[in-house]
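Some notes on the structure that comes next.
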There are 2 protein chains.
Amino acid sequence: MSRSATVVAIRPHRKACGACADCEVRRTAVCAALEDDEVVALERIMGSVRLEANAMLVEEGAPRRRVFSLTSGMLRLLTALPDGRRQITGFLLPGDYLGLLDEATHTLTAEAVVPSVLCGFPVPQMQDLMERYPRLRDRLHQMTKAALRQAWDNQLVLGRLAPVEKVSSFLLVLSARQASGRPVSDTVPLAMTRADIADYLGLTVETVSRSFTKLRQQGLIRLPDAHRVEIVDRGALAAVAGMEPQSSGSSTPSTKR
Amino acid sequence: MSRSATVVAIRPHRKACGACADCEVRRTAVCAALEDDEVVALERIMGSVRLEANAMLVEEGAPRRRVFSLTSGMLRLLTALPDGRRQITGFLLPGDYLGLLDEATHTLTAEAVVPSVLCGFPVPQMQDLMERYPRLRDRLHQMTKAALRQAWDNQLVLGRLAPVEKVSSFLLVLSARQASGRPVSDTVPLAMTRADIADYLGLTVETVSRSFTKLRQQGLIRLPDAHRVEIVDRGALAAVAGMEPQSSGSSTPSTKR
DNA sequence: CGTGTCTTTGAGGCAACTCAACACTCGTGG
DNA sequence: CCACGAGTGTTGAGTTGCCTCAAAGACACG
């Protein structure tokens with residue numbers, strides 16, 4: 001079993017590897033709410049966290065002592081049932097925030113999909129900063145709303161889309177999110193495993209794999225390797241994802257009305 | 001077709017039927033953030049909205065001119081696919097807020113499940129008030145976080161629970177929400193139809209009906225009539241809902257690991 | 001070059017969906 | 001007052017498609 005390589009080095013973030021000023025996500029993460037001269041306040045309470053692949057950052061139910069901002073890598077957020085079933089609620093990309101819900105304990109487990117780096121902030125001090133800089137609080141509110149939007153979209157995907165549709169939707173959304181600003185590339189890197197995709201979409205690994213194969217056979221995507229997807233026909237993929245009527249070919253996804 | 005009886009009477013809320021002061025949801029809705037003497041500001045920009053059953057309040061994509069607070073009745077929030085499939089994202093109970101996401105257009109369709117009454121607030125004036133009363137904005141932030149929590153829970157339900165588990169979970173959550181403060185009653189009124197429940201849980205009406213029957217036959221619930229459920233064995237119901245290990249009887253929900 | 005993990009593909013079973021029929025409630029109007 | 005029809009809920013029979021189980025290929029790592 002490779003899963004599980006628990007906590008991690010938490011270094012008090014000295015000016016070691018370049019400050020916030022030249023951070024990759026300076027303009028997209030929480031800190032985007034602050035001016036350059038204000039960010040130092042954030043920097044002062046900040047700790048740096050490095051995670052190896054599959055390392056667990058926080059576990060569901062654990063006390064919520066710190067909140068995090070992902071600077072590089074990818075995290076999966078998940079809940080697990082007693083019998084082992086998993087539901088991945090979402091993937092965190094660079095710039096995303098961990099700890100939107102200010103409850104006493106974490107409501108989701110967070111694990112690294114690939115080696116990742118985060119900024120960690122002690123909760124009490126973060127609250128102080130939020131009072132001092134209202135824009136910081138506003139930014140978190142805004143990120144909460146974005147997360148809610150995503151969660152609502154996911155409910156549609158989970159509840160009403162057929163497997164092939166789910167995978168199509170997943171690819172399009174991931175493609176758009178990873179582009180994030182830059183023009184969308186047609187090559188989408190899939191950092192996560194099929195098992196993660198399955199647990200995100202409410203399917204099994206086999207069904208995910210078969211769905212990829214179907215999309216490839218229909219010429220909508222190419223699969224140079226298991227962790228890279230080339231989107232060949234974006235329009236058709238969107239149509240399959242159930243985002244457009246487009247009664248084109250004879251493709252018969254499944255459950256309709 | 002009874003569905004669709006579009007918009008509604010919007011009266012400029014005179015002091016007709018008692019002011020906010022003696023409102024049912026005065027202490028649970030958005031307005032709970034304001035003192036009695038501050039609420040008048042809210043009252044001044046407020047309009048009253050009455051909906052008959054199945055009337056549509058706002059449609060997905062329509063410009064978001066007003067936001068609402070539900071005072072009585074029940075609303076369903078949903079998205080529909082071009083081919084007619086529906087996913088109900090959630091149900092609004094008295095005290096709940098409609099318009100948490102401040103986007104230009106509504107992201108969800110809102111329809112009345114039963115005759116309902118709401119307070120409506122023009123968006124620009126509401127924003128003014130939020131600047132004047134920060135606690136109002138804080139309250140909305142808090143309600144957004146609660147909604148996010150719910151949406152995350154729903155993802156687990158939709159993605160990983162078997163039909164009977166879904167229905168059990170639904171009953172328990174609804175029971176808790178409708179109690180809202182008061183001690184939870186074991187009799188849960190179901191205002192919505194089986195079709196609504198199905199579209200909420202990602203099932204068909206038949207499967208929902210059969211799930212109710214199973215739970216009844218196992219003695220976990222009683223069904224005095226189609227729209228009232230008596231919870232007989234809360235613990236067992238929670239166990240079925242996948243919230244506890246409890247390897248009791250021979251019940252075999254389905255998809256496990 | 002083994003070993004373990006991940007991915008893909010195949011075969012088969014079972015559960016949820018589809019289709020269909022019937023029971024029930026509740027207005028409406030004869 | 002009762003017949004009627006529409007809407008809703010339940011139950012049954014059959015089918016489809018996803019999951020389960022199994023095995024082999026692909027790939028990374030030691």
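Every chain is numbered from 1 and lettered A, B, ... according to where its sequence line falls, protein lines coming before strand lines. This is a predicted model, so every value here is computed, not measured.
- DNA chain D is contacted by both A:P224 and A:T207; A:T207 maps to the nucleotide lying nearer its 5′ end (nearest heavy atom per residue).
- Using a 4.0 Å cut-off, some side-chain N or O of B:R216 falls inside it from OP1 or OP2 of D:dT11.
- Straight-line distance from the CZ atom of A:R194 to the P atom of D:dC27: 12 Å, rounded to whole Å.
- For B:T204, taking side-chain heavy atoms from C-beta onward, the closest of the listed nucleotides C:dT18, D:dT11, C:dT7 is C:dT18.
- A search for side chain to side chain contact (heavy atoms under 4.5 Å, CB included) contacts involving A:E206 returns A:T204, A:R210, not counting sequence neighbours.
- The separation between A:R85 atom CZ and D:dT20 atom C1' is 15 Å, rounded to whole Å.
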Considering only nitrogen or oxygen atoms on both sides, find all protein atoms under 3.5 Å from nucleotides 10-13 of chain C and state each distance.
from	atom 1	to	atom 2	distance (Å)
C:dG10	N7	A:R210	NH1	3.0
C:dG10	O6	A:R210	NH2	3.2

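- Side-chain nitrogen and oxygen atoms of B:T213 include at least one within less than 4.0 Å of the OP1 or OP2 phosphate oxygen of D:dT11.
- Between the C1' atom of D:dC19 and the NZ atom of A:K166 lies a distance of 12 Å, rounded to the nearest Å.
- Here the side chain of A:S168 pairs a donor or acceptor atom with the backbone of A:V164 at under 3.5 angstrom.
- As rounded to whole Å, 17 Å separates atom P of D:dG9 from atom CG of B:L215.
- Using a 4.0 Å cut-off, some side-chain N or O of B:H227 falls inside it from OP1 or OP2 of D:dG9.
- Summarising the geometry, the separation between CZ on A:R160 and P on D:dC18 is reported as 14 Å, rounded to the nearest angstrom.
- In terms of modelled atom types and a separation under 3.5 Å, the side chain of B:E165 and the main chain of B:A162 share a donor-acceptor contact.
- Rounded to a whole Å, the CD atom of B:E165 is 13 Å from the P atom of C:dA15.
- In this structure, of C:dT8, D:dG9, C:dC6, it is C:dT8 that holds the atom nearest to the side chain of A:L223.
- Going from atom CG of B:L201 over to atom C1' of C:dA16 covers 14 Å, rounded to whole Å.
- Distance A:L161 CG to D:dC18 P: 12 Å, rounded to the nearest Å.
- Although no hydrogens or angles enter the test, the distance criterion places no donor-acceptor pair under 3.5 Å between the side chain of A:H106 and the main chain of A:E59.
- Between the side chains of B:N154 and B:R149, no donor-acceptor pair is found at a separation under 3.5 Å.
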Residues 93-100 of chain A side chain polar contacts: donor-acceptor under 3.5 Å, at least two apart:
from	atom 1	to	atom 2	distance (Å)
A:D96	OD2	A:L93	N	2.8
A:D96	OD2	A:R177	NH2	2.7

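- Checking C:dT7, C:dC17, D:dT10 against every side-chain atom of B:A226, the shortest atom distance belongs to D:dT10.
- A:G73 and A:S116 get closest at one heavy-atom pair: CA-OG, 3.5 Å.
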